[in-house]
Amino acid sequence: MAVAEKTVSNQYMYQGRIVTLRREEVESPDGKRHLREIVEHPDAVVAIVLTGPSTLLMVEQYRRAPDKVMLELPAGKVDPGEGLEEACRREVVEETGVYPAVLEHLLSFYPSPGFCTERMHLFLATELSPRPEGVLEGEIDRLHEVSVSDLLGRIKRGEIEDAKTVIGGLLLAQRLGVTS
């Protein structure tokens with residue numbers, strides 16, 4: 001089993017609106033020293049918004065880092081002092097215009113633990129009611145209702161490349177017994 005490294009020194013290189021970059025010098029159990037670059041990012045919530053027994057809402061978003069439009073599950077960062085369910089409901093309303101009365105926490109995971117502190121919390125969102133007044137401008141135009149089998153097919157064909165959507169889609173398909 002791996003043993004934790006000891007922090008020798010810490011230096012903050014950049015502090016932005018959402019991320020902070022720090023460089024750490026660490027010492028491994030064998031006494032060797034290494035540099036680690038760590039991106040500090042707030043936790044995030046991800047929602048599988050079920051609109052029916054086998055349909056869900058997805059958001060089409062342009063993502064600058066990969067420079068492409070991606071079809072994703074609604075998600076967003078948790079604001080300071082905000083609880084996970086509160087953050088999830090806020091994100092679902094902002095991105096889809098519906099309010100989920102019921103949230104079921106499915107799992108939490110680190111999307112990139114090799115360099116980033118962000119932890120994502122995946123919820124199943126059901127018992128929806130309209131809340132169009134809470135939608136952020138331009139969000140509904142990019143909203144898609146997709147069947148679970150369509151989502152699974154897109155994942156298998158490599159059309160869905162966003163990790164949180166792949167994880168959520170595969171978990172949902174397994175839960176519902178959808179195989180194709």
Side-chain angles (χ1 to χ4, degrees), residues 2 14 16-21 36-79 84-85 87-98 100 102-128 135-180:
Y14 172 78
R17 189 175 56 84
I18 296 175
V19 299
T20 298
L21 174 62
R36 304 284 185 238
E37 293 175 344
I38 299 170
V39 175
E40 295 177 0
H41 187 284
D43 281 5
V45 290
V46 183
I48 299 171
V49 183
L50 281 185
T51 56
S54 62
T55 55
L56 65 148
L57 293 177
M58 298 186 71
V59 181
E60 187 179 304
Q61 303 207 67
Y62 172 74
R63 295 298 191 178
R64 183 68 205 140
D67 190 25
K68 60 172 54 175
V69 174
M70 303 180 99
L71 192 59
E72 305 177 2
L73 293 175
K77 67 181 183 65
V78 178
D79 291 334
L84 295 178
E85 288 190 5
C88 189
R89 284 190 172 94
R90 175 183 50 75
E91 286 294 336
V92 170
V93 170
E94 287 176 358
E95 294 190 8
T96 70
V98 297
V102 176
L103 291 176
E104 178 187 346
H105 182 260
L106 300 177
L107 71 117
S108 296
F109 59 93
Y110 291 95
S112 299
F115 70 92
C116 188
T117 63
E118 180 185 32
R119 190 170 187 212
M120 295 190 144
H121 307 276
L122 178 66
F123 289 87
L124 183 64
T126 58
E127 296 190 27
L128 310 174
V135 177
L136 291 180
E137 188 175 328
E139 290 289 345
I140 292 293
D141 297 340
R142 302 182 306 212
L143 192 60
H144 299 271
E145 190 168 29
V146 177
S147 72
V148 177
S149 60
D150 181 36
L151 173 57
L152 187 57
R154 290 175 190 229
I155 291 170
K156 287 178 177 180
R157 290 188 303 274
E159 296 170 17
I160 303 286
E161 298 177 283
D162 169 60
K164 69 184 178 297
T165 302
V166 171
I167 291 168
L170 293 174
L171 190 61
L172 180 62
Q174 178 187 33
R175 182 182 181 123
L176 298 178
V178 176
T179 58
S180 60

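Bear in mind the structure is a predicted one, so any value in this text is a computation, not a measurement.
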Quick one: closest heavy-atom pair of [X] and [Y], and the distance?
X      : Y      : answer
Gly168 : Leu73  : CA-CD1, 4.0 Å
Pro111 : Glu118 : CD-O, 3.3 Å
Ala47  : Val92  : CB-CG2, 3.4 Å
Pro42  : Ile18  : CD-O, 3.4 Å
Val49  : Pro74  : CG2-CG, 4.1 Å

Practice problem: Determine, step by step, whether Leu50 and Leu124 satisfy the side-chain contact (heavy atoms from CB on, under 4.5 Å) criterion, reporting the C-alpha distance in whole Å, the side-chain angles of both residues, the deciding distance to 0.1 Å, and the verdict. | Solution: CA-CA 7 Å; Leu50 281 185; Leu124 183 64; 3.7 Å; yes
Exercise. Please work out whether the ring planes of His121 and His105 are parallel, tilted or perpendicular, with thresholds of 30° and 60°.
Key: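 Because their plane-to-plane angle lies in the 30° to 60° range, the rings of His121 and His105 count as tilted.
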Quiz prompt | Expected output: side-chain Arg63 to main-chain Val69 donor-acceptor under 3.5 Å | solution =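 No, Arg63 side chain to Val69 backbone: no donor-acceptor pair under 3.5 Å.
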Quiz item: Does Gly114 offer a backbone N or O that forms a donor-acceptor pair with the side chain of Ser112 under 3.5 Å?
Solution: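 No, Ser112 side chain to Gly114 backbone: no donor-acceptor pair under 3.5 Å.
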Exercise. Output, in order, the C-alpha distance, side-chain angles, deciding distance and verdict of side-chain contact (heavy atoms from CB on, under 4.5 Å) for Val98 and Val93.
Key: CA-CA 5 Å; Val98 297; Val93 170; over 6 Å; no
Got [X] and [Y] here, is their nearest side-chain heavy-atom distance under 4.5 Å?
X      : Y      : value
Ile38  : Leu21  : no
Glu127 : Pro100 : no
Phe115 : Arg36  : no

So, taking the atom named [atom1] in [X] and the one named [atom2] in [Y], what distance separates them when rounded to the nearest 0.5 Å?
X      : Y      : atom1 : atom2 : answer
Leu172 : Ile167 : CG    : CD1   : 13.5 Å
Leu107 : Leu122 : CG    : CG    : 5.0 Å
Thr126 : Leu56  : OG1   : CG    : 13.0 Å
Leu170 : Ile160 : CG    : CD1   : 10.5 Å
Glu91  : Phe123 : CD    : CZ    : 12.0 Å
Leu103 : Leu84  : CG    : CG    : 10.5 Å

Practice problem: Can you sort out the partners of Val178 under side chain to side chain contact (heavy atoms under 4.5 Å, CB included), two or more places apart, ordered by chain and number? | Solution: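 Applying side chain to side chain contact (heavy atoms under 4.5 Å, CB included) to Val178 gives Val148, Ser149, Leu152, Ala173, Leu176.
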Quiz prompt | Results of ring-ring contact (aromatic ring centres under 6.0 Å, His included) for His41 - residues two or more places apart only | solution =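 Scan of His41 (ring-ring contact (aromatic ring centres under 6.0 Å, His included), adjacent residues dropped) gives none.
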Quiz item: Any chance CD of Glu60 has more than 12 other-residue heavy atoms, nucleotides or ligands included, within less than 6.0 Å?
Solution: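 Count over threshold, so yes.
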Self-check item: salt bridge (charged side-chain N to carboxylate O under 4.0 Å, His left out) contacts in which one or both residues fall within residues 37-54, not counting sequence neighbours
Solution: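 Counting only pairs at least two positions apart or across chains, the salt bridge (charged side-chain N to carboxylate O under 4.0 Å, His left out) contacts touching residues 37-54 are Arg22-Glu40.
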Practice problem: Could you go through the side-chain contact (heavy atoms from CB on, under 4.5 Å) check for Lys68 and Met70 one step at a time? | Solution: CA-CA 6 Å; Lys68 60 172 54 175; Met70 303 180 99; 3.9 Å; yes
Listed by chain and number, what are the side-chain hydrogen bond (donor to acceptor under 3.5 Å, both in side chains) partners of [X], not counting sequence neighbours?
X      : result
Arg119 : none
Glu85  : none
Asp150 : Arg154

Practice problem: Would you check if there is a donor-acceptor pair between the side chains of Thr165 and Glu72 at a distance under 3.5 Å? | Solution: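 Thr165 and Glu72 do not have a side-chain donor-acceptor pair below 3.5 Å.
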Exercise. Could you check Arg64 against Asp67 for side-chain contact (heavy atoms from CB on, under 4.5 Å), going step by step and ending with a plain yes or no?
Key: CA-CA 5 Å; Arg64 183 68 205 140; Asp67 190 25; 3.2 Å; yes
